[in-house]
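Computed over heavy atoms, backbone and side chain alike; hydrogens, waters and symmetry mates excluded. Since we're looking at a predicted model, the values are computed, not measured.
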Amino acid sequence: CVSGFSPIKPNSASAMVNFALLTFGLFMATCLHAAKGLEAMVPKTTSRQVITAFGSGKAGATPRTALITGASSGIGEELSKQLSFSGSMVVCAARRLPELERVCSIINDSGGSSIAVKTDITVLEQCVEMVNVAVKTYGKVDGLILNAGVSMWARFDKLTDISFFNDLMNVNYMGAVNCVHAALPHLKSSRGKIISCSTGQALMGFPRHSGYAASKHALHGFLSTIAI
């Protein structure tokens, strides 16, 4: 159900920042509900795609620093582990500090290097602090991996309260905007990459996902624009 990796490279006018979009496939959500064991397979497949986009820190190269949002579980946790195993230094960010510390303990006990930074990406000041801690600890940021997000599963005409659409936009869109705004000066300095864990719903509609699709459309438009 993972349709593949589709890199979008900036033109010469924006060569300092490389942008990559990971497309999971239009039917990923359906498959997650229908296929036994796919929940465990998707993070590993996605990790391979991200490592391909970000590159390995091994083979004598200077270790790269990856900042990952939503790193406390699921895809974000697996990304953090696999990037560390590939030789990168990892900054794990999310709201749940105990879970972040658990992930970092696994990484560090395995010989990797990672730190946990409690961050609510909907708060710009916390995103700035997240980046500052990363730079203070590792000296640079080579990659910002936008993984944090929330979803929905409901028909719009059946909803009686649409206030949670604000949460979808605040996390999926504005949360990513906050992270990019905070990290961009450092990414320019390191000629780093922005990698977005996205979905086919960033490009077209999908049943029962109206608010989610809208937030991902917004994020796709934003990242495509700053890549120019």
Side-chain angles (χ1 to χ4, degrees), residues 1-3 5-8 18-25 28-29 32 39-55 64-86 88-97 99-100 102-104 106-107 114-123 126-127 130-131 134 141-152 167-184 187 192-202 212 215-216 218-220 222-223:
C1 293
V2 179
S3 65
F5 169 65
S6 176
I8 303 175
N18 295 312
F19 167 66
L21 173 65
L22 301 182
T23 305
F24 290 174
M28 174 179 166
L32 283 173
E39 292 90 342
M41 184 181 76
V42 168
K44 293 182 182 297
T45 304
T46 304
S47 297
R48 290 194 294 269
Q49 295 171 332
V50 169
I51 291 172
T52 298
F54 185 60
R64 297 178 178 177
T65 301
L67 200 165
I68 305 170
T69 66
S72 58
S73 63
I75 291 174
E77 175 178 349
E78 187 65 24
L79 286 174
S80 300
K81 293 175 181 176
Q82 295 301 323
L83 281 168
S84 173
F85 298 157
S86 75
S88 297
M89 300 176 292
V90 181
V91 179
C92 300
R95 292 176 295 182
R96 298 179 296 166
L97 185 58
E99 289 301 303
L100 286 176
R102 176 187 60 81
V103 173
C104 288
I106 294 173
I107 291 172
S114 67
I115 57 171
V117 185
K118 182 178 179 180
T119 308
D120 181 346
I121 63 171
T122 66
V123 181
Q126 292 192 28
C127 294
M130 169 187 70
V131 173
V141 175
D142 296 296
L144 172 63
I145 300 171
L146 303 171
N147 169 72
V150 293
S151 188
M152 67 171 289
D167 295 331
L168 290 168
M169 292 300 294
N170 285 338
V171 175
N172 296 347
Y173 175 56
M174 284 307 304
V177 171
N178 288 340
C179 292
V180 171
H181 189 267
L184 194 55
L187 292 171
K193 295 183 179 181
I194 298 170
I195 299 175
S196 176
C197 297
S198 191
T199 169
Q201 295 167 57
Y212 178 76
S215 67
K216 290 297 186 177
L219 178 58
H220 178 68
F222 167 72
L223 292 176

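Nearest heavy-atom pair across Ala134 and Val141 is CB-CG2, 4.0 Å. Closest approach of Gly149 and Val171 over heavy atoms only: CA-CG1, 3.9 Å. Annotation for Met169 and Ala218: closest pair CE-CB, 4.1 Å, computed over non-hydrogen atoms. The two atoms that bring Ala148 and Thr69 nearest to each other are N-OG1, 3.0 Å, heavy atoms only. In terms of heavy atoms, Ser196 sits closest to Leu219 at OG-CD2, 3.8 Å.
Residues Arg102 and Glu77 have side chains in contact (heavy-atom distance under 4.5 Å, counting atoms from C-beta outward).
Using modelled atom types, one side-chain atom of Gln126 and one backbone atom of Asp120 make a donor-acceptor pair closer than 3.5 Å. No donor-acceptor pair under 3.5 Å is formed between the side chain of Asn147 and the backbone N or O of Ile68.
Between the side chains of Ser72 and Arg96, a donor-acceptor pair is found at a separation under 3.5 Å.
For the pairing with Val103, the side-chain contact (heavy atoms from CB on, under 4.5 Å) check across Ile106, Leu100, Ile107 returns one residue only, Ile107. Just one residue in the list Ser88, Ser80, Cys104, Ser84 forms a side-chain contact (heavy atoms from CB on, under 4.5 Å) with Ser114, and that residue is Cys104.
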>> Would Val180 and Leu146 count as a side chain to side chain contact (heavy atoms under 4.5 Å, CB included) here? Give the steps.
In response: CA-CA 9 Å; Val180 171; Leu146 303 171; 4.1 Å; yes

>> Apply side chain to side chain contact (heavy atoms under 4.5 Å, CB included) to residues Val123 and Asn178 and explain how you reach the verdict.
In response: CA-CA 7 Å; Val123 181; Asn178 288 340; over 6 Å; no

>> Checking Leu168 against Met152 for the side chain to side chain contact (heavy atoms under 4.5 Å, CB included) test, could you report, in this order, the C-alpha distance in whole Å, the side-chain angles of both residues, the deciding distance, and whether it holds?
In response: CA-CA 8 Å; Leu168 290 168; Met152 67 171 289; 3.9 Å; yes

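One finds the CE atom of Met89 at 7.0 Å from the CG atom of Asp142 (value rounded to the nearest 0.5 Å). Distance CG/Leu187 to CG/Leu144: 6.0 Å, rounded to 0.5 Å. One finds the CG atom of Leu79 at 5.0 Å from the SG atom of Cys197 (value rounded to the nearest 0.5 Å). In this structure, the separation between CE on Met174 and CZ on Phe222 is 8.5 Å, given to the nearest 0.5 Å. Taking CD1 of Ile194 as the reference point, atom CG of Leu67 lies at 11.5 Å (rounded to 0.5 Å). To the nearest 0.5 Å, atom OG of residue Ser151 and atom CG of residue Asn172 are 7.5 Å apart.
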